[in-house]
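Data first, discussion second: the structure below is written as structure tokens.
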Amino acid sequence: MTMATDANLTWMLESLVEQTAGATHALVLSRDGLKLCHTSGMSIDQADQLSAIAAGVQALSQGASVEFGDGTGGVRHSMTEFHGGILFIVEAGEGAHLAVVAAEDADVGLIGHRMNELVEQIGAFLIAPPRQPERTQQA
Amino acid sequence: MPLAGTVTEGLKIVIVGGFGVGKTTMVRAVSEIRPLSTEETMTQAGEGIDHPGLADGKTTTTVAFDFGRISLDDQMVLYLFGAPGQERFWFVWDRLFSGTLGAVVLVDTRRLADSWYAIDRLEHHRTPFIVARNNFPGSTHSIEDVRDALSLPDDVPLIDCDARDRASAKKVLITLVDHLYELSTAKEAVLS
Ligand SMILES: Nc1nc2c(ncn2[C@@H]2O[C@H](COP(=O)(O)OP(=O)(O)OP(=O)(O)O)[C@@H](O)[C@H]2O)c(=O)[nH]1
Ligand SMILES: [Mg+2]
């Protein structure tokens, strides 16, 4: 989906990465695993991959929340540490997630804080609305 | 339903196949525990990428995998993993296949080509499988057409099912387990 504001959103992601020590990439994806916008340091292939991965991680975390949470809501925040980096994912606007990749030694609290700040500011624009039912059948 | 204390055998089974063939539906139909669901609403970001056109009324898609459990009798329990169907999630498949004793390839005869990749991966992993045709309305091909179209060897069981129906889905799983037993007895006969 392209919106008139896509360039602005990308710019906001770029400045998040530039102004947050340790952050290397930022991406907004739809909950069904497709990229909406991302920082330019990431190739298209990487953005496609990370979109599918982050959607899967959030869906599995949702399963943990359903089974072991108090039932009041979904997933607040996922964090995965691997050799060479950390992946953070938070809920963005309706139907979307925000993902940030950071260096292994990044300040976890700072990155989480910056992500929440961004979602508060522009979450209303980080959205992926449900599809309309298809009228014409496709093979 | 709690797992019976008498269970002595747990088998990991994967249900795989193309987009929208009914994998999630099948896991949900047979599971005796609340199934793990990783369904997400299909968004406008997928326009031109996902084509749910044939699966009428399908509004969600699996973004990780389904998980459910079914006891076939007092001793045997199956752990069911439903694979995601869309290409962008195929990277999950190889992980799901590891440690899997057998697989069900679910096919929709209106889109048979969508099952080639699944069969290819299973053969690569040497995972034994059976093929189940999910009977959507308008499925025209006969079961033997399906065998030809998929170039399935004669010893791969091929059956009809309705993934929404518990008894029908359970029969598919029993067919798979029987097939696995036949294969292992055949192997033992060779070894002894
Ligand atoms: N008529 C009919 N509809 C079915 C049958 N099995 C599944 N459906 C419907 O077909 C759609 C597809 O089912 P899913 O179970 O989501 O398919 P899936 O293979 O898990 O799809 P992905 O995970 O997105 O690849 C749903 O809307 C089901 O209600 C069937 O046997 N007959
Ligand atoms: Mg599914």
Side-chain angles (χ1 to χ4, degrees), chain A residues 1-3 6 9 27-38 44-68 71 74-75 78 80 89 91-97 99 126-139, chain B residues 18-20 24 27-28 31 33-69 81-96 108-114 136-138:
Chain A
M1 189 185 51
T2 27
M3 297 183 289
D6 260 10
L9 294 181
L27 162 85
V28 179
L29 58 128
S30 66
R31 294 180 67 104
D32 59 342
L34 294 158
K35 63 180 183 304
L36 296 173
C37 57
H38 59 95
I44 300 279
D45 287 358
Q46 283 179 317
D48 282 336
Q49 285 279 5
L50 185 60
S51 300
I53 291 166
V57 168
Q58 289 305 80
L60 290 172
S61 307
Q62 174 72 31
S65 144
V66 167
E67 211 59 47
F68 302 103
V75 176
S78 306
T80 309
I89 314 165
E91 238 172 64
E94 194 209 322
H97 299 300
L126 306 178
I127 52 168
R131 286 175 77 155
Q132 307 303 316
E134 295 195 0
R135 254 160 259 129
T136 48
Q137 294 224 326
Q138 284 163 294
Chain B
F19 176 44
T24 300
V27 173
R28 286 187 177 173
S31 183
I33 57 171
R34 172 168 54 196
L36 167 72
S37 161
T38 61
E39 294 301 285
E40 289 292 352
T41 302
M42 290 191 279
T43 69
Q44 290 175 14
E47 260 153 35
I49 298 172
D50 311 334
H51 297 293
L54 285 169
D56 255 349
K58 182 172 163 74
T59 56
T60 65
T61 190
T62 304
V63 301
F65 53 83
D66 312 298
F67 174 71
R69 197 188 72 202
F81 290 81
Q86 306 211 52
E87 192 170 339
R88 62 181 176 279
F89 303 114
W90 285 354
F91 70 93
V92 179
W93 286 16
D94 285 335
R95 290 293 153 83
L96 283 183
D108 176 346
T109 49
R110 298 164 302 174
R111 293 177 293 176
L112 269 183
D114 290 3
F136 284 94

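None of these values were measured; they are calculated from a predicted model. Every chain is numbered from 1 and lettered A, B, ... according to where its sequence line falls, protein lines coming before strand lines.
For chain B, the nearby parts of A/V66 are the backbone and the side chain; heavy atoms of each come within less than 4.5 Å. Residue B/F67: no heavy atom, backbone or side chain, is found under 4.5 Å from chain A. With a 4.5 Å cut-off on non-hydrogen atoms, B/T41 touches chain A through its backbone and its side chain both. With a threshold of 4.5 angstrom between heavy atoms, A/I53 approaches chain B through its backbone and through its side chain. Contact annotation for A/E67: both backbone and side-chain heavy atoms come within less than 4.5 Å of a heavy atom of chain B.
Heavy atoms of other residues, nucleotides or ligands lying less than 6.0 angstrom from CD of A/E94 number 12 at most.
Atoms OG and CE, from A/S30 and B/M42 in turn, are 11.5 Å apart once rounded to the nearest 0.5 Å.
Applying the side chain to side chain contact (heavy atoms under 4.5 Å, CB included) criterion to B/I49, with sequence neighbours excluded, gives A/L34, B/R88.
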Evaluate side-chain hydrogen bond (donor to acceptor under 3.5 Å, both in side chains) for A/D32 paired with B/T43, printing each intermediate quantity in order. CA-CA 7 Å; A/D32 59 342; B/T43 69; 2.9 Å; yes
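Between B/L36 and A/L60 the shortest side-chain heavy-atom distance falls below 4.5 Å.
Distance alone, capped at 3.5 Å, places no donor-acceptor pair between the B/E40 side chain and the A/R31 backbone.
What you find for A/A52 and B/F91 is that their closest heavy atoms are CB-CE2, 3.9 Å. What you find for B/V63 and A/A59 is that their closest heavy atoms are CG2-CB, 3.3 Å.
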